[in-house]
Undergrad: 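Questions regarding the structure given below will be posed in turn.
For this chain, numbers begin at 1 and follow the sequence in order.
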Amino acid sequence: MPVAGLVPAPRREPAQADLLVRNAKVFTGDPARPGARAVAIRDGRVAALGDDHDLAHLVGPGTKVVDALGRRVIPGLNDSHLHVIRGGLNYVLELRWDGVRSLWHALAMLREQAGRTPKGQWIRVVGGWTAEQFAERRMPTVAELNAAAPDTPVFVLHLYQSALMNRAAVKAAGFTRETPDPRGGQIVRGRDGEPNGVLLAAPGALVLYSTLAKAPALDEADKRTSTRHFLRELNRFGLTSAVDAAGGFQNFPENYATVSDLARSGELSLRIAYHLFPQTAGQELADLKRWTEMVKPGDGDEWLRLNGAGENLTWAAADFENFSEPRPELGEYETEFEQAVRLLLENGWGFRLHATYDETIRRDLAVFEKLAAEGLFPGGNRWLFDHAETVSADSLDRIAALGGAVSVQNRMSFQGAAFLDRYGAEAAAHAPPVRAMLDRGLTVAAGTDATRVSSYNPWVALHWLVTGRTVGGTRLHPAGNPIDRETALGLYTRGGARLTGEQDVKGTLREGSYGDLAVLSDDYLTVPEEVIPGIESVLTVVGGRIVWASAEYEGLDEAVPPVSPEWSPVAHFGGYQSGQGGAQQASLVAEAAAESEQHRRWRVARGSVPDTTPSFVDPCFDH
């Protein structure tokens, strides 16, 4: 047999992986292959999944191998409603009370920060906390703010309801007895007519946000650093993507310049799909028309891309979410609202809509159904409602018929007690009705609505989804109403990807998907419920890049510049305060509880409260 001139074909070795995570309990989120022991990532995408020995041949000289030590690995989390762009521009200026379990400790942080904040700057406590989380079960008083910081302006925002200001902040904001109350808000005054430091949303929060906007802003260089640190803080909890819902005081294109610059330089550590929100009442249609001529949905890349308009299209159509006040009665808005929706649809734009109450949702749906009868709606465009705490079964059926989706947030974790007081237990048990949404086959995605109300910690939101409890331990949803853990995780991964049309590459770990994952400190799928809010990521990977590393992996992540300015609260306290564990935190909580018990006995002695023995232990930690 002639064989002259034949040579064996060279053996073709598979390309090596850039990163291999092995010895893991991988939850893929892919029903076709729900689990694995190892994940290989190459060129920013998942190259292979399998057992450790299956993927050993992908290890080469340039492969970074991470031993997960048997930990749970999940697809990277995706917050479907996060004000990440605005949050990043201000993050290093904010003293975060997120996760602080004692008002005693919160005020100690405030006193310490007052000692380092330079003249002319403010101390800002902006969202992510509620009085329910404190052992004392109360807010601070203006007197306590004055005592903690007699000379430094202090602004403390409490949910969408109110803000507290010390004397220095009232003066810095320019409030006097002659200052009129803004529309929808109240500047509370003492007997002498002078502002006493309390601002109320009645029911609109514009008075809160416009006052906060009077504080000094960062320069451009520090905005860049601030945004990088905020994204790193989100990576700390396993977030690899977010859908930015725009919002007030976020103008396009100027307030998007920082994330655009970071995207161009390859320094984003979080994938962002963003929305555009008209800022000026009466100018909404002009803004939307101008934007449709400048950009279009999908512009950008896998790191930063335009997703559509909203969460407001017209200001007149927006209800308020201050559950301490009655539901606002909106005026006639349908004509202008319909014009805005038509404009977007004709230009191929999808949108999202802020709608807290079913009354608003029904009116919006009537406009959509009118356009659908003309064959215009939805026209292949993605659209969704945000929030929907009181949406009815009938409205859900109409949303499904029109091909809509819903993005839900854990605002009830922080505002659940106020909602319960106003609307009762039956309404609170289905606010929002996530199970009913899923039963109808709707696309449902989960998020936080951080940073001005809820905390940006996704595990607090996941805890609420699976338990129906507030951060103070109040159970809102009866047994059987909350969803199971895998379903909730799906809302935080696949759900967000569907809202941006990226479900083929994001939200699951399978070959060809983005190499986005998190190695968790605790196994979310098996730990007791009360452990869930304390979960963090010990290793977060986005596109194969290690963007967060702690515990055994500390030092493996990418470097970020130091926090600037040096006096920043974040430089000294960090962000979410889950690190105040151990004896010190236990001592602080015990002291606060003892003080609160003294207050309770004083009230009982005067007949203002019944003589019952309360528990000062968060039920989430008492199992």
Side-chain angles (χ1 to χ4, degrees), residues 8-78 235 238-241 269 271 302 484-487 489-490 492-494 496-497 502-527 535-558:
R11 182 179 177 185
R12 302 186 64 181
E13 296 289 345
Q16 68 182 36
D18 300 316
L19 175 69
L20 177 70
V21 179
R22 61 174 297 275
N23 188 22
K25 294 183 290 187
V26 182
F27 175 81
T28 68
D30 180 6
R33 184 173 194 168
R37 297 292 296 176
V39 183
I41 299 173
R42 181 173 56 242
D43 298 329
R45 304 271 182 139
V46 175
L49 298 106
D51 291 334
D52 289 349
H53 67 272
D54 296 333
L55 274 55
H57 66 287
L58 298 177
V59 177
T63 304
K64 184 173 291 185
V65 179
V66 173
D67 188 335
L69 301 173
R71 289 188 170 103
R72 175 66 65 186
V73 172
I74 62 169
L77 299 178
N78 184 351
N235 297 148
L239 282 161
T240 59
S241 291
S269 63
R271 305 182 193 274
E302 65 188 56
D484 65 80
R485 298 190 194 194
E486 288 191 13
T487 301
L489 187 58
Y492 240 103
T493 51
R494 298 187 302 275
E502 298 173 282
Q503 60 270 24
D504 291 337
V505 291
K506 188 186 286 188
T508 57
L509 292 173
R510 58 188 176 195
E511 291 184 13
S513 69
Y514 292 152
D516 301 351
L517 58 82
V519 182
L520 303 182
S521 60
D522 301 275
D523 188 348
Y524 161 74
L525 296 176
T526 62
V527 293
I535 293 174
E536 295 187 13
S537 174
V538 293
L539 190 87
T540 304
V541 176
V542 188
R545 295 163 44 198
I546 299 176
V547 297
W548 169 261
S550 64
E552 294 88 352
Y553 313 106
E554 189 169 352
L556 292 181
D557 50 353
E558 301 170 348

Undergrad: Tell me whether Asp52 is salt-bridged to Arg22, with the criterion being a basic N under 4.0 Å from an acidic carboxylate O.
TA: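 Yes, Asp52 and Arg22 are salt-bridged.
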Undergrad: Is a side-chain donor or acceptor of Asp51 paired with a backbone partner of His53 at a separation under 3.5 angstrom?
TA: no
Undergrad: Heavy atoms only: give me the nearest Ser537-Ala518 pair and the separation to one decimal.
TA: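 Smallest interatomic distance, heavy atoms only, reads OG-CB, 3.8 Å.
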Undergrad: With side chains defined as the heavy atoms from C-beta onward, is the minimum distance between Val73 and Val26 less than 4.5 Å?
TA: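 Of all side-chain heavy-atom pairs linking Val26 with Val73, at least one is under 4.5 Å.
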Undergrad: Would you mind reporting whether Ile546 and Thr540 have side-chain heavy atoms less than 4.5 Å apart?
TA: no
Undergrad: Establish, yes or no, whether the cationic atom of Arg271 lies under 6.0 Å from the six-membered ring centre of Tyr514 and within 45° of the ring axis.
TA: yes
Undergrad: Between Ile41 and Gly44, which heavy-atom pair has the shortest distance, and what is it?
TA: CG2-C, 4.0 Å
Undergrad: Would you say Ser521's side chain and Val538's backbone share a donor-acceptor pair under 3.5 angstrom?
TA: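 No, Ser521 side chain to Val538 backbone: no donor-acceptor pair under 3.5 Å.
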Undergrad: Determine the minimum heavy-atom distance between Ala68 and Ala24, stating which atoms define it.
TA: CB-CB, 3.6 Å
Undergrad: Please name the pair of heavy atoms, one in Leu525 and one in Glu486, separated by the smallest distance, quoted to 0.1 Å.
TA: CD2-CG, 3.9 Å
Undergrad: With sequence neighbours left out, write down each residue that passes side-chain contact (heavy atoms from CB on, under 4.5 Å) with Ala17, or none if nothing qualifies.
TA: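 For Ala17, the residues satisfying side-chain contact (heavy atoms from CB on, under 4.5 Å) (neighbours in sequence not counted) are Ala40, Leu58, Thr63.
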Undergrad: Of the options Leu509, Leu517, Thr240, which is the one that meets Pro75 in a side-chain contact (heavy atoms from CB on, under 4.5 Å)?
TA: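 Exactly one candidate clears the test, Leu509.
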Undergrad: Is the shortest heavy-atom distance from the side chain of Trp548 to the side chain of Leu539 under 4.5 Å?
TA: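 Trp548 does not reach Leu539 side chain to side chain.
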Undergrad: Ignoring hydrogens, what is the shortest heavy-atom contact between Arg42 and Gln16? Give both atom names and the distance.
TA: CD-O, 3.2 Å
Undergrad: I'd like to know if the side chain of Asp522 and the backbone of Tyr524 have a donor-acceptor N/O pair within less than 3.5 Å.
TA: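 Absent.
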Undergrad: For Glu552, enumerate each residue passing the side-chain hydrogen bond (donor to acceptor under 3.5 Å, both in side chains) test, keeping only those at least two apart in sequence or located in another chain.
TA: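 Applying side-chain hydrogen bond (donor to acceptor under 3.5 Å, both in side chains) to Glu552 gives Arg71.
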Undergrad: Quick check: do Asp18 and Asp43 have side-chain heavy atoms less than 4.5 Å from each other?
TA: yes
Undergrad: Report yes if some heavy atom in the side chain of Ile74 is under 4.5 Å from a heavy atom in the side chain of Leu520; otherwise report no.
TA: yes
Undergrad: Below 4.0 angstrom, N of the basic side chain to O of the carboxylate: do Lys25 and Asp523 qualify?
TA: yes
Undergrad: Test side chain to side chain donor-acceptor pair (under 3.5 Å) on Ser241 and Lys506; report intermediate values, then the result.
TA: CA-CA 9 Å; Ser241 291; Lys506 188 186 286 188; 3.1 Å; yes
Undergrad: If you define the side chain from C-beta out and look only at heavy atoms, does anything of Val66 sit under 4.5 Å from Leu20?
TA: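 Contact flag for Val66/Leu20 side chains = no.
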Undergrad: Check the pair Asn235 / Ser269 against side chain to side chain donor-acceptor pair (under 3.5 Å), numbers first and verdict last.
TA: CA-CA 8 Å; Asn235 297 148; Ser269 63; 2.7 Å; yes
Undergrad: Apply side chain to side chain contact (heavy atoms under 4.5 Å, CB included) to the pair Arg494 and Thr508, showing each step before the final yes or no.
TA: CA-CA 7 Å; Arg494 298 187 302 275; Thr508 57; 3.6 Å; yes
Undergrad: State the OG1-CD distance between Thr493 and Gln503, to the nearest 0.5 angstrom.
TA: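 Between atom OG1 of Thr493 and atom CD of Gln503 there are 12.5 Å.
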Undergrad: Looking at side-chain heavy atoms only, is the closest gap between Val547 and Glu558 below 4.5 Å?
TA: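 Of all side-chain heavy-atom pairs linking Glu558 with Val547, at least one is under 4.5 Å.
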Undergrad: Answer yes or no: is there a side-chain heavy-atom contact under 4.5 Å between Val541 and Val519?
TA: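 When only atoms from C-beta onward are counted, Val519 and Val541 do not touch, as no gap falls below 4.5 Å.
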